[in-house]
Student: 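My questions all concern the structure below.
Throughout, protein chains are lettered first and strands after them, A, B, ... in sequence-line order, and every chain is numbered starting at 1. Nothing here was measured: the structure is a model prediction, and the numbers come from that model.
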Amino acid sequence: MIQTHKQYDHKSIEEKWVKIWSEDQAYRAVKDGRPKKYILVMFPYPSGPAHMGHVANYTLGDVLARYFMRKGYTVLHPMGYDAFGLPAENAAIQSGIHPATWTRKNIELIRQDLKRLGFAYDWTREISTCDPGYYKWTQWFFIKMFEMGLAYKADAAANWCPSCGTVLANEQVLSDGSCERCGAFVVSKWLNQWFFKITDYAERLLDDMKLLTGWPERVLTMQRNWIGKSSGAHVDFTLESTGEKIRVYTTRPDTLFGVTFFLLAPEHPLVDRLARSAQIKEKVDEFREGLAGRTSFERSAIDTEKEGVFLGDYVINPVNDERVPVYTANFVLMEYGTGAVMGVPAHDQRDFDFARKYGLPIKIVIKPADAELVAEKMESAYEGEGIMVNSGVFNGTPSEEGRNKICDFLEENSFGGRAVNYRLRDWLVSRQRYWGAPIPMIYCDFCGIVPVPEEDLPVILPENLSLAEGGKSPLPFEESFYKTTCPKCGMEAKRETDTMDTFVDSSWYFFRYVSPKEENAPFDRDEVRYWMPVDQYIGGIEHAILHLLYSRFFTKVLYDMGLIDFTEPFTNLLCQGMITKDGAKMSKSRGNVVTPGEYIEKLGADTLRLYILFMGPPECGKDWSDAGVEGAHRFLHRVWNLVHERYIDLLEKPGANLNQNDRRHREMRSLTHKTIMKVSSDIEKFAFNTAVSFIMELVNGIYKYTAEITPDPDVLREAVETTLQLLAPFSPFITEELWQVLGKSESIHLSPWPEYDPLLAKSEEITLVVQVNGKVRDRIKVSADISEEDMRKKALDSEKVRRHIANRQIRKVVIVPGKLVNIVV
RNA sequence: GCCGAAGUGGCGGAAUGGGCAGACGCGCUGGUCUCAAAAACCAGUGGGGGUAACCCCGUGCCGGUUCGAAUCCGGCCUUCGGCACCA
């Protein structure tokens, strides 16, 4: 039967298989006896159709999932939507569409794109965080954490985004002081808010990083930085006027004898009590007013001038009974350490600046090895190591050693002792927004804060409300929502009207996938035991701290609750770089947005997937090129034509002058097997770009083979079928179609991954490189199993080499077996 | 300022337990086909020199180790990312 030569029509092929795979529920995760792989990609925020970042991210996951399916694993590869969040409310403000409507419409759009892209998801496990069946359990976790003392309400200086009209967690403020979401500058506001006590887990979050051997080093470094552990000492100073102790934290106890003043954060509760005289009180108020107007970023900027006010009181340094003045100063932070700092101007640059400004004494207590310090002549603080001086019995002690000795001394005399501090702050989780999971708490005038009883969950977010004036949340104005009765005493009470940070929703979603329809628990524990932890997590580097730190924290809390028996959720992590266009982030305002939809339409999902992987290593940023994507399309055409023109046609008219022993048949087989070997190992290394290039080389090789010689049918069949099988995870549609053209009855995606024969994968011939003094002078084709002696002989026999040696004396011959000979003269 | 990553053709990128620099693709040039073009196919393509065989230079810069360095070591420069008044 002669096939009519059909043109490669990506559109009809892809539509056909999307339908078939969908009807077959082809990629359901089945819990069976086989080894499992849980391949997870960070679920999208549904803000519209899929964008290129999604394609890149999800294609990586899809290639791995399909690869492991064919390697005999049972694979969990799910998809869902991070569906609560501010953009939905912004859309409502701008166009009047309800956040729920907007979100569900976008889920529909992105789902359609994901299906068109051919991702092998188990669609029966689809979840959405705005679904009451999901957020019921988000609320349940909140209550459990409240019961464990890990969720608490407190007054604190919070990051307030004026444009979003809500508070933000520290992690959601960028280093320039702007809002991670909208870019507006964040201000500091003193507010009563809900927090998760992530600081209780600081040490474990840090310590368990040693388990994360499958994580990129840069992500671990960023988290380590963020947690910011430091070791030092607590020292209790005595307030002269009242005799009470004020504790400071320092990383340099060795400089304790150099204290010449004492500082309190402006928010420190002691400041008001100390500022007794009217004159001082006035100055302090004025000083605080000056700070209040500024953004928190401005206040903590390194180049902001150091300022302070003397509070009229003194403290006594416990180690030498020296009396030093107490100031409040703008650069002292209430949130870090104890909110009180000892001033050692000789050995701390900030204290030095402050001392110079207010004419405070500078006392040298560390002497550098190679210089003499004179207080009056110093231009900056000496922060390095040295020998302790002016420090009583500690004189002559090296500073590193001194730190320890002072700590011992403090502990022996109950003046303080060793202490550890973290930069990490508690996670502020309440948001004054509508489109989020309601915090399941009730305020009762008699009983205080009472959690919603478990059986009353979920606290349903009413979806029939529209945003209040100025885009504000309608919940505080909606009596039918907030009016309730106290579960304890039955009296009239008021619900919490704040919702949760959406990062809470996404901190446990990977648990929900294992049993998405479970109604009596957040997840089925047997299913978790089988599928978790996630074997491979894939997502953008922008979540290096945020989502990944929160998820690690949640997992540890779940462990402490006794729900799971592991402490880290993601065994291996792959962080992909950003896709840019013309070197810049794609954005509507720049007008440089390219959307997957247009390319799926024009060139096909297979082409798009192939190109986006071929562009470069996954972890690097990639710049989109229209010319490049055409090249990928051209390659798929070549594959299509290979099957139709070179394979089917030639098989139809077999056999003239078949010379089985011709070297070229063996070379073809060798190339086929070599390609299996390289593509397999490259996929496991995430080197998808080179995996694709090896498949391209195989295709080029087959073209050459069929052009040069009448192919052997078995050799050609092996080569062509292997090509399709290796290409299948990358471009699932065209390979499935061609597989069918070849008369296969089962899906190519269910066929076992090809195995290679190591003997065949080895070349018969190698190119021997011959160098003279390290410079390549000749290349000789030799048999692969050549002996070292023959290598030397061949090299020395070479005409070109002889010319370069001329009549100089050969001093040495270096031989690298099977590769290279270097002749040194 | 501190920490981390990276600098390779016109472009995206290959090659690091030291051993052929530039795989694969894009772009470009020439050719075949065509009335012509597109597509497709074939050939070429780091720079310089030479009619040629060939020769010299070349992986951010300067040194070093080595028979041999994109790869290792020391010092610089640049870019990107993170942290940054955290006591």
Side-chain angles (χ1 to χ4, degrees), chain A residues 174-175 216-226 228-230 232-233 248-252 255 263 265 299-306 329-333 335-344 347-351 353-354 383 421-425 541-542 544-545 577-578 610-611 614-617 619-632 634-635 637-638 641 645 687 689-700 703 707 766-779 800 803-804 811-816 818-825:
Chain A
L174 304 183
S175 56
E217 193 49 48
R218 61 175 170 159
V219 174
L220 296 177
T221 304
M222 280 161 79
Q223 293 210 354
R224 215 172 275 127
N225 263 334
W226 187 260
K229 181 179 179 173
S230 84
V248 297
Y249 171 73
T250 176
T251 53
R252 291 294 302 269
T255 65
L263 300 171
R299 219 192 105 183
S300 66
I302 195 159
D303 47 5
T304 303
E305 196 178 345
K306 287 162 187 55
N330 59 348
F331 65 97
V332 180
L333 308 172
E335 313 91 86
Y336 185 77
T338 61
V341 176
M342 63 186 209
V344 186
H347 306 293
D348 182 287
Q349 189 56 41
R350 296 155 301 179
D351 297 346
D353 296 342
F354 192 79
E383 298 184 329
N421 247 295
Y422 301 92
R423 212 191 67 101
L424 182 73
R425 307 285 149 76
I541 186 70
E542 65 275 13
I545 295 169
M578 213 169 40
L610 190 71
Y611 174 60
F614 185 61
M615 282 169 89
E619 60 276 8
C620 298
K622 284 162 267 216
D623 202 57
W624 182 263
S625 149
D626 272 345
V629 74
E630 299 272 358
R634 205 171 305 161
F635 169 71
H637 259 285
R638 263 169 78 77
N641 291 338
E645 290 171 10
N689 54 334
T690 47
V692 172
S693 75
F694 288 130
I695 301 173
M696 288 171 167
E697 283 183 78
L698 176 58
V699 170
N700 292 345
Y703 267 99
I766 54 152
T767 305
L768 179 66
V769 174
V770 188
Q771 299 179 331
V772 177
N773 285 344
K775 285 191 173 165
V776 179
R777 295 305 179 186
D778 201 2
R779 298 185 170 98
K800 291 173 186 171
R803 208 166 52 233
H804 282 279
R811 283 174 33 211
K812 195 174 172 186
V813 179
V814 181
I815 297 176
V816 182
K819 262 186 186 163
L820 172 143
V821 177
N822 188 16
I823 298 160
V824 187
V825 296

Student: Tabulated below should be each protein N or O lying under 3.5 Å from an N or O of nucleotides 3-12 of chain B; please produce it.
Tutor:
residue : atom : partner  : partner atom : Å
B:G12   : O2'  : A:Met615 : O            : 2.6

Student: If I pick the C1' atom on B:G18 and the same atom on B:C73, what distance separates them, to the nearest angstrom?
Tutor: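 It works out to 13 Å between them.
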
Student: Between B:U16 and B:C72, how many Å separate the two C1' atoms, rounded to a whole number?
Tutor: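 Approximately 10 Å lies between the C1' atom of B:U16 and that of B:C72.
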
Student: Base, sugar-phosphate alone, or nothing: which one does A:Val824 contact when heavy atoms must sit under 4.0 Å apart?
Tutor: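 Here A:Val824 touches the backbone only, sparing every base.
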
Student: Measure across A:Arg811 and A:Val825 and return the closest heavy-atom pair with its distance rounded to 0.1 Å.
Tutor: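 Minimum heavy-atom separation between A:Arg811 and A:Val825: NH1-O, 3.7 Å.
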
Student: Heavy atoms only: give me the nearest A:Lys819-A:Ile766 pair and the separation to one decimal.
Tutor: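 What the structure gives for the nearest pair is N-CD1, 4.4 Å.
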
Student: Using the C1' atom as the reference point in each nucleotide, state the distance between B:G44 and B:U34 in Å, no decimals.
Tutor: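 Rounded to whole Å, the distance is 23 Å.
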
Student: Pull out every stem in RNA chain B, meaning runs of 3 or more consecutive Watson-Crick or G-U wobble pairs with both distances under 3.5 Å.
Tutor: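 The stems are B:1-7 with B:77-83, B:10-12 with B:24-26, B:27-32 with B:40-45, B:46-49 with B:54-57, B:60-64 with B:72-76.
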
Student: Return the set of residues passing ring-ring contact (aromatic ring centres under 6.0 Å, His included) with A:Tyr611 (not counting sequence neighbours), or none when no residue passes.
Tutor: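 Counting only residues at least two positions away or on another chain, A:Tyr611 forms a ring-ring contact (aromatic ring centres under 6.0 Å, His included) with A:Trp624.
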
Student: Measure CE/A:Met696 against P/B:A14 and give the value in whole Å, please.
Tutor: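 In whole Å, B:A14 P and A:Met696 CE are 14 Å from each other.
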
Student: Looking at A:Asn689, does any N or O in its side chain come under 4.0 Å of the phosphate oxygens OP1/OP2 on B:C24?
Tutor: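 The answer is no; no side-chain N or O of A:Asn689 sits under 4.0 Å from OP1 or OP2.
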
Student: If you find the nucleotide of RNA chain B closest to A:Gly628 and the one closest to A:Val816, which residue's nucleotide is nearer the 5' end?
Tutor: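 Here A:Val816 is the residue nearer the 5' end.
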
Student: Hey, does A:Thr251 reach any base, or is it just sugar-phosphate, or nothing, if we go heavy atoms under 4.0 Å?
Tutor: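 It contacts sugar-phosphate atoms only.
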
Student: Within the pair A:Arg224 and B:G82, is there a side-chain N or O less than 4.0 Å away from OP1 or OP2?
Tutor: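 Negative; the distance criterion is not met.
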
Student: What form does the base of B:G9 take, syn (within 90° of 0) or anti?
Tutor: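 The base of B:G9 is oriented syn (glycosidic angle within 90° of 0).
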
Student: When you measure from the side chain of A:Val332, which nucleotide among B:A87, B:G82, B:G19 comes out closest?
Tutor: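 The closest nucleotide is B:A87.
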
Student: Between A:Lys306 and A:Asp351, is any pair of side-chain heavy atoms under 4.5 Å apart?
Tutor: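 Side chain of A:Lys306 against side chain of A:Asp351, heavy atoms only: no contact under 4.5 Å found.
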
Student: Would you mind building the protein contact string for nucleotides 46-56 of chain B? One character per nucleotide, 5' to 3', B for base within reach (heavy atoms under 4.0 Å), S for sugar-phosphate only, - for untouched.
Tutor: --------SSS

Student: Flag the pair A:Arg218 / A:Ile541 as yes when at least one side-chain heavy-atom distance between them is below 4.5 Å, and no otherwise.
Tutor: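 In short, these two side chains touch, coming nearer than 4.5 Å.
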
Student: Please enumerate all residues that pass side-chain hydrogen bond (donor to acceptor under 3.5 Å, both in side chains) together with A:Asp623, with sequence neighbours excluded.
Tutor: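 side-chain hydrogen bond (donor to acceptor under 3.5 Å, both in side chains) check on A:Asp623 returns A:Thr580.
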
Student: When you measure from the side chain of A:Tyr249, which nucleotide among B:G27, B:A23, B:A87 comes out closest?
Tutor: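 From the listed options, B:A87 comes nearest.
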
Student: What integer distance in Å separates A:Arg252:CZ from B:A87:P?
Tutor: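 These atoms are roughly 12 Å apart.
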
Student: Rounding to the closest angstrom, what is the interatomic distance between B:C3 and B:C76 at atom P?
Tutor: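 After rounding to an integer number of Å, I get 12 Å for this pair.
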
Student: Quick one: A:Tyr336 OH to B:A87 P, roughly how many Å, whole number?
Tutor: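 Taking OH of A:Tyr336 and P of B:A87, I get 4 Å after rounding.
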
Student: Check the distance between B:G82's C1' and A:Glu542's CD and give it to me in whole angstrom.
Tutor: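 It is 14 Å, rounded to the nearest whole Å.
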
Student: Looking only at the side chain of A:Gln771 (C-beta and beyond, no hydrogens), which of the listed nucleotides B:C20, B:C85, B:A23 gets closest?
Tutor: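 Looking only at heavy atoms from C-beta outward on A:Gln771, the closest nucleotide is B:C20.
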
Student: How close do A:Thr251 and A:Ser230 get, heavy atom to heavy atom, and via which atoms?
Tutor: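 Minimum heavy-atom separation between A:Thr251 and A:Ser230: CG2-OG, 3.7 Å.
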
Student: How long is the line joining CH2 of A:Trp624 and C1' of B:G25, in whole Å?
Tutor: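 That distance rounds to 14 Å.
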
Student: Quick check: do A:Thr338 and A:Tyr336 have side-chain heavy atoms less than 4.5 Å from each other?
Tutor: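 A:Thr338 does not reach A:Tyr336 side chain to side chain.
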
Student: Looking at side-chain heavy atoms only, is the closest gap between A:Phe354 and A:Asp348 below 4.5 Å?
Tutor: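 The answer is no; the side chains never approach within 4.5 Å.
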
Student: Considering only the C1' atoms, how many Å lie between B:C62 and B:U78, rounded to the nearest integer?
Tutor: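 Straight-line distance between the two C1' atoms is 15 Å.
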
Student: Locate the shortest heavy-atom distance separating A:Gly616 from A:Lys622; write the atom from each residue and the value.
Tutor: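 The pair with the smallest heavy-atom distance is O-NZ, 4.0 Å.
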
Student: A:Tyr422 OH to B:C83 C1': how many Å, rounded?
Tutor: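 Between C1' of B:C83 and OH of A:Tyr422: 18 Å.
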
Student: Under 4.0 Å between a side-chain N/O of A:Asn700 and OP1 or OP2 of B:G25, yes or no?
Tutor: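 So the side chain of A:Asn700 is within the cut-off, an N or O lying under 4.0 Å from OP1 or OP2 of B:G25.
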
Student: Heavy atoms, side chains only, cut-off 4.5 Å: are A:Leu263 and A:Phe331 in contact?
Tutor: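 Touching, per the 4.5 Å side-chain cut-off.
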
Student: If I take atom CZ in residue A:Phe635 and atom C1' in nucleotide B:A23, what distance separates them, rounded to the nearest angstrom?
Tutor: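 Checked: the CZ to C1' distance equals 15 Å.
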
Student: Using the P atom in both, what is the distance from B:U71 to B:A6, to the nearest Å?
Tutor: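 After rounding to an integer number of Å, I get 13 Å for this pair.
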
Student: Where the side chain of A:Glu697 is defined as all heavy atoms beyond and including C-beta, which of B:A87, B:G68, B:C24 is the nearest nucleotide?
Tutor: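 Per side-chain heavy atoms of A:Glu697, the pick is B:C24.
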
Student: Using whole Å, what does the distance between atom P of nucleotide B:A15 and atom NZ of A:Lys819 come to?
Tutor: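 Whole-Å distance recorded here is 14 Å.
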
Student: Can you find a side chain N or O atom of A:Arg634 that sits less than 4.0 Å from OP1 or OP2 on B:A40?
Tutor: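 For A:Arg634, the contact criterion (side-chain N or O under 4.0 Å from OP1 or OP2 of B:A40) is met.
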
Student: Give one of base, sugar-phosphate or nothing for A:Gly337, where a contact means two heavy atoms less than 4.0 Å apart.
Tutor: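 If one applies the 4.0 Å heavy-atom cut-off, A:Gly337 turns out to touch nothing in the nucleic acid.
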
Student: Would you check if the side chain of A:Glu383 reaches a backbone N or O of A:Gln349 as a donor-acceptor pair within less than 3.5 Å?
Tutor: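 It does hold such a pair.
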
Student: Would a line drawn from the ring center of A:Phe614 to the ring center of A:Phe635 be shorter than 6.0 Å?
Tutor: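 No.
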
Student: Sticking with atom C1', work out how far B:A14 lies from B:A70, rounded to a whole angstrom.
Tutor: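 These two C1' atoms come out 12 Å apart once rounded.
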
Student: Which nucleotide wins on minimum distance to the side chain of A:Val814, given the candidates B:G82, B:C86, B:G19?
Tutor: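 So the nucleotide nearest the side chain must be B:G19.
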
Student: Considering only B:A23, B:G27, B:C86, which nucleotide approaches the side chain of A:Arg350 most closely?
Tutor: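 Shortest atom-to-atom distance from the side chain points to B:C86.
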
Student: With sequence neighbours left out, what residues match A:Trp226 under ring-ring contact (aromatic ring centres under 6.0 Å, His included)?
Tutor: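 With neighbours one apart ignored, the set is empty.
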
Student: From the set B:C67, B:C83, B:C41, return the single nucleotide nearest to any side-chain atom of A:Trp226.
Tutor: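 Output: B:C83.
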
Student: Check this for me: does any side-chain nitrogen of one of A:Glu217 and A:Arg224 sit under 4.0 Å from a carboxylate oxygen of the other?
Tutor: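 Judged by the 4.0 Å cut-off on N to carboxylate O distance, A:Glu217 and A:Arg224 do form a salt bridge.
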
Student: For nucleotides B:G19 and B:G63, find the distance between their C1' atoms and express it as a whole number of Å.
Tutor: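 Approximately 23 Å lies between the C1' atom of B:G19 and that of B:G63.
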
